[in-house]
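Computed from a prediction, not measured in an experiment: that's the story for all the values here. Only this structure's heavy atoms are used, side chains among them; waters, hydrogens and symmetry mates stay out.
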Amino acid sequence: KTVKVPNTTLAGFATCEQILQAAKDNGLKMRGHVLVWHSQTPHWFFTENYSTANNAKLVDKETMNARMEWYIKTVLEFVADWEKKNNNGKRIITNWDVVNEACADGASATKWLREDSDWFRVYGNEEFIVNAFRYANKYAPKDVKLVYNDYGCASTAKNKAICKIIDAIQAAPDARIDAVGMQTHIGINDSVETFETAVNNFLAKGINVQITEMDVANGSSGYNAMK
């Protein structure tokens, strides 16, 4: 389906170039975060004619698929082209969080996806997650790892939900998932055994596990280092 490209097509790439250049100058590798995330995707990306009106109608799945594929293609090809021109083709971004935080906190066997999301409002199921990994696999270099990232991964309910996502992605022949990113916001008294079980459940799917963030709260204190 033909995509009507928003007027802001290349608005963010000047900053992206600065970040890539800074990483190169300092000999750093990066992870790309993130291609599909309810929190950072503006509402107008989901509406007819990219309308910003409060009562704007959401587009259908076919249109949303075309927009998502255009966006993922544009971002991944820009990065790969920059690396080719400015870093002898060597990777600066070695991993991409393709989808972030799509599982519900109180996941159950029947309601396991986050529903307070325009992605869910358009699709109503995990189709957008699978498609994101299909498009990422299509346009990302094969040596770049594709990751599903979330918090609370050691929770039994969310762990099961993420495993369902992995199964759905792996069932799509043109999709690829290489790892789960565990954000790992934990407390000093949390169960080591529960965390180990969660990691092993992911490894059993034949993918890797990455610790993408890590903070350990002391007792009842929050994660804010200033407390």
Side-chain angles (χ1 to χ4, degrees), residues 1-13 16 31-81 93 95-104 107 110-142 144-150 161-181 205 207:
K1 187 168 184 175
T2 303
V3 181
K4 177 184 176 184
V5 177
N7 293 329
T8 54
T9 303
L10 300 178
F13 283 146
C16 184
R31 72 182 304 106
H33 181 83
V34 54
L35 296 173
V36 172
W37 186 19
H38 68 280
S39 179
Q40 298 296 319
T41 310
H43 179 64
W44 54 257
F45 192 64
F46 301 91
T47 62
E48 292 185 349
N49 298 315
Y50 301 104
S51 172
T52 58
N54 292 332
N55 61 347
K57 184 179 179 181
L58 297 176
V59 298
D60 58 24
K61 288 183 182 182
E62 184 182 11
T63 301
M64 202 65 234
N65 283 339
R67 290 183 183 184
M68 180 178 11
E69 181 171 6
W70 163 81
Y71 177 75
I72 290 174
K73 176 180 186 292
T74 301
V75 172
L76 294 181
E77 289 187 345
F78 174 84
V79 171
D81 186 58
I93 296 183
N95 299 266
W96 269 102
D97 292 329
V98 178
V99 178
N100 190 54
E101 298 175 355
C103 285
T110 56
K111 293 183 67 174
W112 50 282
L113 294 177
R114 178 189 292 274
E115 297 184 3
D116 58 337
S117 155
D118 283 333
W119 291 106
F120 185 86
R121 293 183 186 103
V122 171
Y123 289 88
N125 55 33
E126 71 278 6
E127 182 181 347
F128 76 93
I129 304 173
V130 175
N131 285 347
F133 278 89
R134 290 176 57 236
Y135 303 145
N137 185 42
K138 183 176 180 180
Y139 298 109
K142 297 309 176 186
V144 172
K145 304 300 182 185
L146 305 181
V147 185
Y148 174 81
N149 191 60
D150 215 323
I162 296 172
C163 285
K164 287 184 179 182
I165 285 178
I166 297 168
D167 290 342
I169 296 167
Q170 291 181 330
D174 55 345
R176 169 167 64 95
I177 180 170
D178 299 299
V180 168
K205 299 293 181 181
I207 62 176

Heavy-atom nearest pair, A132 first then V36, reads CB-CG2, 3.9 Å

Closest heavy-atom pair, F45 versus Y71, reported as atoms and distance to 0.1 Å, is CZ-CB, 4.0 Å

- Message: Students often mix this up, so state it plainly: with edges at 30° and 60°, are the rings of F128 and Y123 parallel, tilted or perpendicular?
- Response: tilted

E69/K138 under salt bridge (charged side-chain N to carboxylate O under 4.0 Å, His left out): CA gap, chis, key distance, verdict
CA-CA 9 Å; E69 181 171 6; K138 183 176 180 180; 2.9 Å; yes

What one should report as the nearest heavy-atom pair of A102 and Y148 is N-OH, 2.9 Å

State, yes or no, whether a side-chain contact exists between V75 and L35 at a heavy-atom distance under 4.5 Å.
-> yes

* **Cationic N near anionic O, under 4.0 Å, E115 to R121** => no

Between K205 and Q170, the two heavy atoms sitting closest are O-NE2, 2.9 Å

Heavy-atom closest pair (R176 atom, K145 atom, distance to 0.1 Å) is NH1-CA, 4.3 Å

Problem - Verdict with reasoning, F120 to H38, per side chain to side chain contact (heavy atoms under 4.5 Å, CB included) - result: CA-CA 9 Å; F120 185 86; H38 68 280; over 6 Å; no

message = With a 4.5 Å cut-off on side-chain heavy atoms, are S51 and W44 touching?
response = no

Of all heavy-atom pairs linking R67 and N49, the shortest is NH2-N, 3.9 Å

Separation between SG (C103) and NZ (K111), nearest 0.5 Å, reads 14.0 Å

* To do: Verify the neighbour count for atom CG of D174: are there more than 12 heavy atoms of other residues, nucleotides or ligands below 6.0 Å?
  => yes

Which of N131, I129, V130 passes side-chain contact (heavy atoms from CB on, under 4.5 Å) with E127? It is N131

Q.
Do V99 and W37 make a side-chain contact, defined as non-hydrogen atoms from C-beta onward lying under 4.5 Å apart?
A. no

Quiz item: Do the charged groups of E77 and K73 touch, with an N to O distance under 4.0 Å?
Solution: yes

Checking N149, N95, D97 against R31 for side chain to side chain donor-acceptor pair (under 3.5 Å), the one that qualifies is D97

Report the C-alpha separation of V147 and H33 in whole Å, then their side-chain angles, then the decisive distance to 0.1 Å, and conclude whether the side chain to side chain contact (heavy atoms under 4.5 Å, CB included) test is met.
CA-CA 10 Å; V147 185; H33 181 83; over 6 Å; no

One should read off an interatomic distance between K57 NZ and T47 OG1, to the nearest 0.5 angstrom, of 12.0 Å

Result for side-chain contact (heavy atoms from CB on, under 4.5 Å) between V98 and one of L146, V34, I169, N137 points to L146

| field | Within-4.5 Å side-chain heavy-atom neighbours: M68 and W119 | value | yes

Any side-chain heavy atom of D118 within less than 4.5 Å of one from T41?
-> no

Less than 4.5 Å apart, side chain to side chain, heavy atoms only: is that true for D150 and R114? no

- Task: Test V180 against I162 for side chain to side chain contact (heavy atoms under 4.5 Å, CB included), laying out the working first.
- Result: CA-CA 9 Å; V180 168; I162 296 172; 4.2 Å; yes

Is the shortest side-chain heavy-atom distance between Y135 and N65 below 4.5 Å? yes

| message | Is the shortest side-chain heavy-atom distance between I177 and I165 below 4.5 Å? | response | no

